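Take a look at the structure set out below.
Everything numeric here is computed off the predicted structure, so don't read it as measured data. Protein chains get the first letters and strands the later ones, always in sequence-line order, with residue 1 at the start of each.
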Amino acid sequence: MNKQKPLLEIKDLHAAIGDKEILKGVNLRIYPGEVHAVMGPNGTGKSTLAYVLTGREGYEVTRGEVWFNGKNLLEMSPDERALEGLFLSFQYPVEIPGVSMTNFMKAAIDAKRKYHGLEPIKPGEFLRMYREKQDMLGLPERIRNRAVNEGFSGGEKKRNEIFQLAMLEPLLAILDETDSGLDIDALRAVAEGVNRLRRPDNAFLVITHYQRLLNHIVPDYVHIMHDGRIVRSGDKNLALELEEKGYEELARQNA
Amino acid sequence: MKNWLDKMPKRMNWTDYFEKAPHLWPDIAGRWPGFIQAAKEKAAAETARKGFPHARLEAWRKTPLNQWRTAAVEPAGVSRRVSDGRLFPAATIHIPLTNGIPVATWHEENSISFGRLSEAVQQMPEVVKQYFGGLQRLSDDAMTDFNTAYFKDGLFVYVPEGTGKVRLEWTNLIDAATAHLWNGRMLVIVEPDNEVEMAGTDIAEGEAISIGTRVAEIFVQRASTFRFYGWQQLNDVSALVGHYFMQAADEARIDGFNFPLNGGLLREEVWADITGSGARVNLHGFYAPAGDQQTDERIFVAHGAEGSFSHQQFKGLIDGRAKALFNGRILVRPGAQQTNAYQKNDNILLSDEARAHSLPFLEIYADDVSCSHGSTTGSLNGEALFYMQQRGLAPELAQRLMLYGYADEVIGEIPDEELQALTRRLVRAKIDGRLSSETDIFALVREEILSPVE
């Protein structure tokens, strides 16, 4: 067994939107260096899990605990969670007219540096890093310094999420349906980017509907979510089994 | 023209000035030549006939004037106060105005003539006669009649054909030491083949009520460009109602930028009359009323010739109990084929009591045209705020960046980079709550240039 301390520990997490309970007791432990995949049909609470972890408004945690890097995650504001090293690659990245990607990233990096007691990044150093990461991810020239996500295609938005991930170097990155809407080339590019960012001290939580992304980002663990709970966990072969049998069958086996 | 004002009652309510206009004749006639006196006499009668604007009039429905209608004000006298504040570094001509009237006398510089209208009627009587009053008839607003009846003098600028690039700036000091009424007038003639940029700042000094009206008539002739920039920095008990009438001839281009900063009521009404084919009109504005302030942008673009283009872009940020009105109108006259006209107005409300009224209006009498309009009003985008917070930005910083970006979509359209940077500083200061009606905007700009943001 892993002797390290878990990076993320979710214990019996229940969460609701209004009166509707969506998460009904999620348990999950993620150690540094691991890639976990959460799979499941629509409406089982996968995205809700991502939003609850990142602190989005409108979700109420009714029971349970979440510990991130030894700290009580649920007590932190969304920006504090980010500064502690939690990153969400959004399923639907938001367009922010008038705010340039460079200004946005500079502000984000400086916020993180300040949080860790460091001086703001030097403009030269920032630009070097900015270009380097864009090159690494093969970002199309046309989106390199536009307003955040404005006028980007679906695939460009997803790539831009991974670019931000590369810039901010979080401890735990949640990829929420990063594969949706991507053609195979874009999917491969995004996956390659993620693979290059894997390190022994960080971890990934990949939320996906289909198995195909997992051909490219190979998970250490696969969890199947159904009706607000993780109903089965296994290694990467579980994803293949799922692909073969479908959710219904697996859920039935489990019940 | 000395002191016809002295014979008038010392102080009256603004409404009384409307009712009594014909009775104050010949006091308000001044020593103007016959054609101007005739215009004034007619306007005095119209002012009384139409009466003080009321809420049943479409043009004033969303603009309550209660605060000012019964304010006792006296006509602005002669003030010796002058502002040498400047916002347009590239301008080579600077014209200080006090209560709407140029301080310096007649000037001729590189074939350009400028000065008081009362001097222009002596120096270039034919030119004034040809143009004076030629555009204001587009509007039947009693405020324009009022201005015509009561204006005492104004600014005249004449740029003859082929002068080339001209950059000028006026700074109008409104002497608000005592409650007063001022009526400014402008007549600007840009003959063919010129590029004229005019920046204008209205700034009130003092805490008393000031009520100002302005009628500007601007003729932009064949293949000339006229670009204007406006900033208004008044106290919160003062009002400024400005009408800017512009005519664009063949292949002429008009670009306008307006930035109301502070003031109780800042109302800008632009009439762009496109009479020439291939003319282009771009009008932009960013307003951010807070507290109990109100801003009005009434933008009328009339296409009267083939192949002309117009664009209206106005954005607002409304806080406190403030109100903002955008009334954008596009009129395509019969025969104005291949017109391209569009209009966009966005408003962000920052408080529950803030109000925005967006009233677009398209009137099209030609069939081969492309016109569109769009309007949004809402609160700050919560999704975008969360997105930015998820990247580690504190909510206040995220909001500020978003609002800066929102304003930059207008400011970024300013072609002059210096002017763009300077306007950005003023607008950002207003967004941050660092620019109140008491702020010395010239000092703020100087200060911020010494310690630039970002």
Review point. What closest approach, in Å, do A:Pro170 and A:Asn202 show between heavy atoms, and which atom pair accounts for it?
Key: O-CB, 3.7 Å
Exercise for review: Check each atom of A:Asn149 against the heavy atoms of chain B and say whether the ones under 4.5 Å are side chain, backbone, both or neither.
Suggested key: side chain
Check your understanding: Under a 4.0 Å N-O cut-off, is there an ion pair linking A:Asp135 with A:Arg131?
Key -> no
Check your understanding: Does the ring centre of A:Phe163 sit less than 6.0 Å away from the ring centre of A:Tyr130?
Key -> yes
Check your understanding: For A:Leu171 and A:Asp201, which heavy atoms make the closest approach, and how far apart are they?
Key -> CD2-O, 3.8 Å
Practice item. Check the angle between the aromatic planes of A:Phe104 and B:Tyr387 and answer parallel, tilted or perpendicular using the 30° and 60° thresholds. Key: parallel
Check your understanding: Side chain, backbone, both or neither: which part of B:Tyr406 has an atom under 4.5 Å from a heavy atom of chain A?
Key -> backbone
Study note, to complete from the structure: Quick note, salt bridge (Lys or Arg N to Asp or Glu O under 4.0 Å) partners involving residues 314-329 of chain B, not counting sequence neighbours, are B:Asp292-B:Arg321, B:Lys315-B:Asp346, B:Lys315-B:Glu409, B:Arg329-B:Glu363
Review item, side-chain donor-acceptor pairs of residues 111-120 of chain A, under 3.5 Å, at least two apart:
unit_1: A:Lys112; atom_1: NZ; unit_2: A:Leu168; atom_2: O; d: 2.5
unit_1: A:Arg113; atom_1: NE; unit_2: A:Glu119; atom_2: O; d: 2.7
unit_1: A:Arg113; atom_1: NH2; unit_2: A:Glu119; atom_2: O; d: 3.3
unit_1: A:Tyr115; atom_1: OH; unit_2: A:Glu84; atom_2: OE2; d: 2.7
unit_1: A:His116; atom_1: NE2; unit_2: A:Leu83; atom_2: O; d: 3.4

Point to revise | Salt bridge B:Arg425-B:Asp432, side-chain N to carboxylate O under 4.0 Å | key: no
Review point. Can you tell which of A:Ala82, A:Pro123, A:Ala147 has the highest number of heavy-atom pairs within less than 4.5 Å of chain B?
Key: A:Ala82
Review point. What orientation do B:Phe309 and B:Tyr342 show, parallel under 30°, tilted 30 to 60°, or perpendicular over 60°?
Key: perpendicular
**Study point:** SB check A:Lys133 A:Glu169 (cutoff 4.0 Å)
**Key:** yes
Review point. Counting N and O atoms only, with roles assigned by atom type, does the side chain of A:Asp176 sit under 3.5 Å from a partner on the main chain of A:Ile207, one being a donor and the other an acceptor?
Key: no
Exercise for review: Could you tell me which residues in residues 87-100 of chain A have at least one non-hydrogen atom under 4.5 Å from a non-hydrogen atom of chain B, sorted by residue number?
Suggested key: A:Phe87, A:Leu88, A:Phe90, A:Pro93, A:Val94, A:Ile96, A:Pro97, A:Gly98, A:Val99
Review point. Which residues in residues 51-59 of chain A have a heavy atom less than 4.5 Å from any heavy atom of chain B?
Key: A:Tyr51, A:Thr54, A:Gly55, A:Arg56
